Amino acid sequence: MDTLRDEHLIPPTFEAAEKCKALFVKEGGEEEHEEVEEEMGQPSLPNVMETAFYFEQAGIGLNKDESYYIFLALKNLINLHPIQTCRFWGKILGLEMNYIIAEVQLREGEEEEEIEEEGEGSIAEGEKELGEGEEEEEQKEKEAEPPKSTYKPPPEIPREANGTGTNKYVYFVCNEPGKPWMKLPPVTPAQIVCARKIKKFFTGRLDAPVVTFPPFPGNEANYLRAQIARISAGTHVSPTGFYQFAEEDEEEEGADTYEENPEFEPPPVVEMVESLTMWAHHVKGILNQGRCSWINPSQKSEENEEEDEEEEEEEGEEQQEERGPPLLTVISEDEDIPAWTAQASTNLIPQYSIAILQSNRWPGAYAFASGRKFENIYFGWGHKYSSESHTPALPLPAQTEFPTGPEITETVDPTVEEEMAFKVAQEEALAEAEEEEDEEGEDD
Amino acid sequence: MEALSLPAALSLVAGGGAGLSPERRAGLGPDRAAPRSRLYSLNCLDWSLLTPATKEMLALIEQVKGRFQGDPSFEYNLSEINAEAAARLIESGKEPVIKEEARLIATIEQIDRAVGIVPRGAFVKTPLGPVHENRHFEGLSLVEAKKLSSYFHFTEPVNLKNKTLLEKADLDPSTDFLDSLEHDIPRGSWSIQLEKGGTVVVLRSLLWLGLTFYHVPTTKQFGYVYFGTGEKNLDLPFML
């Protein structure tokens, strides 16, 4: 008789199904739900299936099942967090796991609480540091301090405030629909500048370190956020005229907000495909500094050098790119390929065909427009295309050593005999000096 | 991969975000004239036969970089890219140009050779030499499907001879006559994932971005598709 029992192996499909089952549960507490809706208006859950249908006409997109799971996962996200608008941004592939990304605008007031909490935390830490510092200083006074370096790191460029520029939207990611959504931290200009110089695959784990040269300030979550910011700035487009400025006076710096144009008349699909002037960016481009709006870093430093400030102001004027809606032109600036490829979804049924744009700079970024509907999406590995191979930054040249001089060149220590001879010579000299004084004293 | 199973394959492969629009899908059919002969089309309706790749073509297209234009008769001017190759061609009496069609042929051949993979056991080699489909192949088990060593390159093996005698003793000559993916250089150039709750195992090549191989464990379904720009990812060592 076989007393060994077969171990009942739970197939991974069963476990995955359990997780997905959570998505299908209808939310309870309908009363609370209705109250929330009345207060804040409708939290807009995007119609992912409709978007998926349009993109499918172009041959882009995920499985219908997967799209539906993402739809349900977004609904969960909206219920968990105080969200004003939400959009399915796209999917970034990774080595071990993939990322599904949602672009979200939180309701006002919610973000400020988070910042305050962070501020309090850092103040408490600061007090602790002061306490420790005092103790250390007392200890140091007893010991000789090494020479302090005169190196001052270049001033850190502050990141943009939540709700503006590169941090206009908040991004949530999850590995698979059904897994919990993680919020990505806001992006800093230093991270964007570094992300432009490196090219790394994503592993799928947000806490994975990013080991590169130049060293990336952050882990994979920060790198992912930086790439999302670059992709959004480079490829989010809408039909020209769909958005307009809120105010009549177009200020270059203040033109961060736009609103839908109620008088927008969608041009026919044929025109949208033929000419790229019918599309416009609705996200501010990122400057070389890593921000959307120029900031003068020397304003905070104490040294007042007028020459430097003037130079930087001139640079600021050159670099301030005029924001939209600027026109996308067929002539591209740096690369030898046009930035976008436009086509209609079908030539056989022109009444229902839609205009589709594929980005050549960021392979995997697509946009479609059909009448008043348009949408951007990204499916890819998260890297920019370049016809040249990626050349990593070279390490810095070795620093020069301290100039050698007679003060710091080593000499051989005197031997014991030399020291004794020196001591004897000193004593003799002292004795002679005393005898002379005694003689002079006697003379007086 | 069979053309008949392409529509089913597309749904399994779509995790990468690529696919064919319904119009294109409707145009596909059992179009294969012979095993391993290749056809290409711009709109899935009109198909043209591709001639087999020659070594000269393979050597020449290493010089050509950048995206494909989309026009099969487009000619790349070799003299701009590489003067030596152009000179050689002129000497042999041909014009120093490469047609995009030739580039397409050679690229497809390269992709198939480098990253065309099949699961272990799907094909058997008879003692006389020819390779047949294994009708007893019932798919890999879940445990095996997650390992890179269960997948082989479907081309002439390069590493088999270099294995030690001990390793060779473990191999089964009818099924293990191809190179496995384990020893691919650089290590980690394949991303292996279970999708759809573990029902499908999807391998994506990082050397040719866009090549996706799918297999449903414990069934006979497998295949690979390439959706991409047709350029090798030479930055791979920096990206891992």
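The structure displayed is predicted, hence computed values, not measured ones. The sequence lines fix the lettering, A, B, ..., with proteins before strands; numbering per chain opens at 1.
Ionic pairing of K200(A) and E220(A) is not present here: no N-O contact between side-chain nitrogen and carboxylate oxygen is shorter than 4.0 angstrom. Using a cut-off of 4.0 Å between Lys/Arg side-chain N and Asp/Glu carboxylate O, E50(A) and K373(A) are scored as salt-bridged.
For the options P392(A), P363(A), G90(A), heavy-atom pairs under 4.5 Å to chain B are most numerous at P392(A). When K199(A), K64(A), M97(A), E96(A) are compared by the number of non-hydrogen pairs under 4.5 Å with chain B, K199(A) comes out ahead. Ranked by heavy-atom pairs under 4.5 Å with chain B, the first of L95(A), I198(A), T212(A), T203(A) is L95(A).
There is a side-chain donor-acceptor pair under 3.5 Å between Y224(B) and D112(B). Side chains of Q110(B) and R113(B): no donor on one and acceptor on the other come within 3.5 Å.
Taking the six-membered ring wherever Trp is involved, the centroid distance between the rings of Y223(A) and F202(A) falls below 6.0 Å.
Residue contact with chain A, scored on non-hydrogen atoms closer than 4.5 Å, involves the backbone of I192(B) exclusively.
Chain A is approached within less than 4.5 Å, heavy atom to heavy atom, by N233(B), L234(B), D235(B), L236(B), F238(B), M239(B), L240(B) from residues 233-240 of chain B, ordered by number.
Ring geometry for Y378(A) versus W89(A): interplanar angle of 30 to 60°, hence tilted. Using cut-offs of 30° and 60° on the angle between ring planes, the pair F222(B) and F213(B) is tilted.
In plain terms, the two heavy atoms of P180(A) and C174(A) that are nearest each other are O-CB, 3.6 Å.
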